[in-house]
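Below, read A as the first sequence line, B as the second, and so on, with proteins coming before strands; counting in each chain starts at 1.
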Amino acid sequence: MSSTVLITIISLSTLGLLAAIVLFFVARKFKVYEDPRIDQVEEALPGANCGGCGFAGCRNFAEALVKAESFEGLNCPVGGSDTMKSAAEILGRVAPEVEPRVAVVRCNGTPEHSPRTNSYDGAPNCTIAHSVYGGETGCSYGCLGLGECVDACDFDAMYMDSVTELPVIIDDNCVACGACVRACPRDIIELRKKSKKERKIYVCCVNEDKGGPARKACKVACIGCGKCQQVCEFDAITIANNLAFIDSDKCKFCRKCEPVCPTGAILELNFPPRKPKEEKEAKVEA
Amino acid sequence: MLKTFPKGGVHPPENKLSSVSPVEVLPTPQQVVIPVSQHIGAPASPVVKKGDMVKAGEVIATGQGFVSANIHSSVSGKVLKIDKMPDSTGYKQLSVIIDVEGDEWDPAIDRSETVVREISLSAEEIVKRCNAMGIVGMGGATFPSHVKLSVPPGKKCDILIINGVECEPYLTSDHRIMIERGEELLTGVTIIMKALGVERAIIGIENNKPDAIENLTSLAAAFSGISVQPLSVKYPQGGEKQLIRALIKREVPSGKLPIEVGTVVHNVGTAVAVYEAVQKNKPLIERVVTVTGKDLARPCNLLVRIGTPVADLINFAGGIPESTAKIVNGGPMMGKAISTPEVPVTKGTSGIILFTEEEAVRNPSGPCIRCGKCITACAMGLEPFLLMTLASRALTERMEKERIMDCMECGSCSYICPASRPLLDYIRLGKQLTGKVIRERSHK
């Protein structure tokens with residue numbers, strides 16, 4: 001009885017030992033060298049695997065960081081500059097300062113602004129609707145309201161507003177990974193430079209029609225009149241295809257363009273209220 | 001036992017309400033909007049400018065490249081502007097807008113009613129003429145006809161197939177053409193036969209149109225090489241590959257054109273257009289459109305100038321009924337809803353259908369119950385339920401393997417699905433994604 005136990009233990013131990021020796025030599029023979037820093041850098045990354053950096057996932061990005069000569073053009077939008085700094089520390093390099101960005105939806109075609117002329121009952125998917133027809137309003141550039149961007153967001157930073165029928169971005173959650181930008185078949189969402197106190201000023205329209213038809217389709221459409229371009233002192237505004245665009249890298253938030261817009265297509269958000277005009281004039285007189 | 005294609009197919013209710021109404025001429029509208037892209041291929045480029053006076057039949061935009069077509073003015077009058085106007089999809093497209101003044105035609109066009117049967121042009125001249133006259137496939141796909149009239153080098157064509165199936169429910173424009181314009185149609189077929197250099201032509205007609213079969217059979221006796229073949233009714237028999245299989249039992253390989261198996265398919269409407277272009281020098285400036293709907297006062301077939309607003313057609317047929325929930329451009333199976341009746345009739349508009357609420361509203365879609373009805377219905381032997389799943393996950397490689405590009409978007413799968421799943425919607429998306437990948441690869 002006891003000999004059976006003994007034989008079992010001895011034979012199994014010998015087998016185990018043999019296998020260990022074989023595995024030891026095999027592992028040494030076929031060892032693949034991997035830079036240990038890749039693991040360290042990966043550890044420092046957020047691990048969201050969102051693809052916002054343009055790579056397949058965090059490990060892929062870590063490999064690219066270790067291999068790269070400089071950090072130029074490489075950025076993790078989710079972790080921001082803190083993450084990039086800690087990654088740079090591991091690799092003994094300097095991370096360039098990258099300004100944080102945030103997604104904005106450039107359409108204000110609520111049912112009130114842009115009356116619905118028909119209704120869509122096809123598959124609830126923006127890309128499908130976009131390829132089939134112009135949309136429920138007279139505007140064939142604006143938001144279709146089927147929420148493909150919301151589905152694409154991995155960070156709970158978007159939801160569909162049931163009243164405006166437009167997607168809303170929760171700035172605090174948005175990491176500017178760009179998944180929504182890629183999901184939107186109409187290029188409505190843009191990543192803009194984040195400013196202090198979440199201030200934003202942008203042209204909330206992507207309609208490239210001429211003024212008349214654009215305005216007919218939507219009360220708050222950009223008509224490409226160029227007034228904002230004239231008042232801008234920083235060359236931040238360009239007009240192309242009957243549409244104004246404010247470059248967030250050049251914009252200094254002077255707020256001069258918003259009051260001159262005849263249609264209200266330029267939105268400014270999270271600014272302190274403007275001083276009433278009369279008061280200002282009174283001051284000048286005094 | 002009548003011939004038909006063996007694989008798949010469905011039997012939607014026919015509802016051919018307007019099959020007994022002779023073609024009526026719709027009065028010329030006050031203004032026409034003529035898009036420069038009414039065909040598959042490169043858009044034409046406008047050659048007129050604002051303020052120009054044009055006659056009916058004058059070229060207003062010339063085709064760019066081989067796969068493209070000329071666009072002619074369908075009316076006489078003054079060019080109001082050349083601007084982007086919404087087409088039937090609601091997207092804006094470059095169009096020539098003409099204010100109608102009188103009805104003066106280009107003097108080169110023979111407007112007499114006499115049927116000219118002697119063909120004086122040579123094969124090359126026929127192709128050239130069809131190209132100049134802007135002839136495109138009238139069945140709905142609007143593929144420039146001159147491309148299909150010339151056999152590519154190295155290929156051989158031994159039989160011509162003429163599509164008089166009109167398998168889409170509701171539509172009757174081809175049916176009326178076969179009854180009313182039989183002699184012109186058969187002369188057109190003879191012209192196409194000459195262009196292709198073939199001796200035989202078969203006209204396939206479903207046997208729900210006995211009057212058309214009878215008319216063409218008796219007329220065809222006077223034309224050499226043309227026969228009429230009745231087919232049993234099954235959708236989508238009007239699909240090129242299905243019709244070829246039904247008539248001559250040849251299988252067109254996946255991703256190939258009918259010329260691979262020695263045949264070319266043209267629509268009956270195209271044959272008449274070819275006749276008019278070659279014998280009468282008349283460009284494609286008007287077409288027969290079926291205007292129909294269950295609650296419409298007067299379902300009819302109208303001869304309409306290209307560019308006429310759809311609203312004019314509906315008003316002629318008795319106006320939009322209260323109950324209308326959807327207006328569809330084309331047939332009920334493959335047509336697309338239009339967002340406003342202000343859009344113009346184009347070369348590919350075969351019908352305008354006004355659906356009642358009951359017919360138009362799509363049922364809410366449920367989960368797939370794996371019944372396999374879509375597979376049974378697919379005339380191309382595809383697996384629609386699988387393609388839908390693959391498309392929603394953008395798995396292009398697998399979709400290509402599953403032959404998604406073979407799908408002709410006939411809609412049989414969506415029609416038959418008991419769970420009302422939007423199969424075709426997603427397959428179209430999948431085709432877009434896969435097509436993009438294939439194109440990118442071939443450019444490399």
Side-chain angles (χ1 to χ4, degrees), chain A residues 51 56 109 114-152 179 182-188 206-218 221 223-224 240-243, chain B residues 81-95 324-330 334-343 355 357 359-365 384 387-389 391-394 409 411 413-414 417 420-433 435-436:
Chain A
S114 181
R116 279 21 182 181
T117 56
N118 61 82
S119 68
Y120 174 75
D121 64 353
N125 177 298
C126 296
T127 315
I128 292 175
H130 171 73
S131 67
V132 172
Y133 87 132
E136 289 184 334
T137 70
C139 173
S140 56
Y141 298 89
C143 179
L144 291 156
L146 298 167
E148 217 170 312
C149 48
V150 176
D151 294 342
R182 289 187 291 275
C184 180
R186 292 191 157 173
D187 281 335
I188 293 168
V206 288
N207 191 319
E208 293 180 2
D209 283 339
K210 284 179 189 161
R215 196 66 199 280
K216 205 175 149 195
C218 182
I223 54 172
N241 303 321
N242 307 310
L243 181 66
Chain B
K81 55 180 175 176
I82 298 167
D83 200 1
K84 290 198 162 175
M85 296 295 280
D87 67 359
S88 61
T89 60
Y91 286 112
K92 299 200 172 58
Q93 227 202 83
L94 196 63
S95 309
T324 305
K326 198 181 263 181
I327 304 175
V328 167
N329 172 10
M334 288 187 75
K336 282 185 179 154
I338 55 175
S339 42
T340 147
E342 294 311 313
V343 300
F355 282 121
E357 193 123 3
E359 293 173 293
V361 174
R362 287 172 80 150
N363 293 333
S365 120
L387 294 176
M388 175 176 173
T389 313
S392 59
R393 294 179 191 173
E409 305 179 17
C413 50
S414 293
C417 180
S420 310
R421 289 177 70 72
L423 290 158
L424 180 57
D425 301 61
Y426 277 91
I427 293 174
R428 280 206 196 105
L429 172 70
K431 279 180 76 175
Q432 252 178 56
L433 298 171
K436 205 172 139 200

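Taken to the nearest 0.5 Å, the CG atom of B/Leu429 stands 4.5 Å off from the CD1 atom of A/Ile128. Taking OG of A/Ser131 as the reference point, atom CD of B/Gln432 lies at 4.0 Å (rounded to 0.5 Å). Atom NZ of B/Lys326 is separated from atom OG of A/Ser119 by 8.0 Å, given to the nearest 0.5 angstrom. Of the inter-residue distances, the one linking B/Ser365 atom OG with A/Asp121 atom CG reads 12.0 Å to the nearest 0.5 angstrom.
Counting heavy-atom neighbours within 6.0 Å of A/Arg182 CZ, excluding the residue itself, gives a total above 12.
Only the side chain of B/Asp83 comes within less than 4.5 Å of a heavy atom in chain A; its backbone stays farther off. If you measure heavy-atom distances from B/Ala360 to chain A, the contacts under 4.5 Å come from the backbone alone.
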Between A/Asn125 and B/Asp425, does a side chain to side chain contact (heavy atoms under 4.5 Å, CB included) hold up when you go through it step by step?
-> CA-CA 9 Å; A/Asn125 177 298; B/Asp425 301 61; over 6 Å; no
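The closest donor-acceptor contact from the side chain of A/Tyr133 to the backbone of B/Tyr91 lies at 3.5 Å or more, if one exists at all.
Across all non-hydrogen atoms, the minimal contact from A/Pro213 to B/Lys92 is CB-CE, 4.4 Å. Smallest separation of non-hydrogen atoms from B/Arg362 and A/Gly122: NH1-CA, 3.5 Å. Of all the heavy atoms in A/Ala123 and B/Tyr426, the pair that sits closest is CB-CE1, 3.6 Å.
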